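In what follows, a single structure is set out as structure tokens and then discussed.
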Amino acid sequence: MSRAVDVRVRRVYEEPEAADGTRVLVDRIWPRGLAKAAAELDEWCKDAAPSTELRRWYGHDPDRFPEFSRRYAAELTDPTPRAAVAHLHTLAAEGTLTLLTATKDLEISHVQVLADAVRG
């Protein structure tokens, strides 16, 4: 029987914590104003992020989140994002995985959809 994976979601601007485990940035573009050294990342997994077109369409409009979630989940079944999700699942199976994003509102962010896909 496989154990549940521990996938957490945090803003990349928050201070890193020991409990974060493996820290992976899952945004397509680098966060504004953040020095690469300060991020304390283990990886940057751009291929798991929503397409530029979908991200622009969504624009973090709360009313669009349900449709965004559906479209993004569909994108995650394409070969490149699917491989990225599989890689993230492998990391999560090895220990705590923290998905990081620059997004201000985590509740209506792609990382919620991605975390669910990784927990799979």
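Only a predicted model underlies this, so the values are computations on that prediction, with no experimental measurement involved.
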**Study point:** Residue pair Val111, Arg10: steps toward the side-chain contact (heavy atoms from CB on, under 4.5 Å) verdict
**Key:** CA-CA 9 Å; Val111 291; Arg10 296 187 67 208; over 6 Å; no
Inter-residue atom distance [X].[atom1] - [Y].[atom2], 0.5 Å rounding:
X     : Y      : atom1 : atom2 : result
Asp61 : Glu67  : CG    : CD    : 12.0 Å
Asp78 : Leu76  : CG    : CG    : 8.5 Å
Leu88 : Leu114 : CG    : CG    : 6.0 Å

Review point. Under a 4.0 Å N-O cut-off, is there an ion pair linking Glu75 with Arg71?
Key: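 Salt bridge: no.
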Exercise for review: In plain terms, say whether Glu14 and Arg11 are close enough for a salt bridge, that is, a side-chain N and a carboxylate O under 4.0 Å apart.
Suggested key: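 A salt bridge is absent here (no side-chain N lies under 4.0 Å from a carboxylate O).
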Practice item. May I ask you to decide if the ring planes of Tyr58 and His60 are parallel, tilted or perpendicular, using 30° and 60° as cut-offs? Key: tilted
Review point. Hey, are the side chains of Leu106 and Gln112 touching, using non-hydrogen atoms and a 4.5 Å cut-off?
Key: yes
Point to revise | Phe68 side chain near Arg55 side chain, heavy-atom distance below 4.5 Å | key: no
Does [Y] offer a backbone N or O that forms a donor-acceptor pair with the side chain of [X] under 3.5 Å?
X      : Y      : value
His110 : Pro50  : no
Thr101 : Thr103 : yes
Thr96  : Ala92  : no
Ser69  : Phe65  : yes
Arg82  : Thr77  : yes

Check your understanding: Ala117 and Val85: which non-hydrogen atoms are nearest, and at how many Å?
Key ->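 Result for this residue pair: O-CG1, 3.9 Å.
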Exercise for review: Identify the two heavy atoms, one from Ala84 and one from Ala48, that lie closest to each other, and give their separation to 0.1 Å.
Suggested key: CB-N, 3.8 Å
Exercise for review: Report the residues that fulfil side chain to side chain donor-acceptor pair (under 3.5 Å) with Asp116, sequence neighbours left out, ordered by chain and then residue number.
Suggested key: Arg119
Exercise for review: Would you mind listing every salt bridge (charged side-chain N to carboxylate O under 4.0 Å, His left out) that reaches into residues 23-48, with sequence neighbours excluded?
Suggested key: Asp20-Arg23
Exercise for review: Kindly determine whether Leu99 and Val7 satisfy side-chain contact (heavy atoms from CB on, under 4.5 Å), including the steps that lead there.
Suggested key: CA-CA 7 Å; Leu99 303 178; Val7 180; 3.8 Å; yes
Review point. Apart from Tyr13 itself, what residues make up its hydrophobic cluster, given side-chain heavy atom links below 4.5 Å?
Key: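 Val12, Leu25, Trp30, Leu34, Leu41, Trp44, Leu100, all in the cluster of Tyr13.
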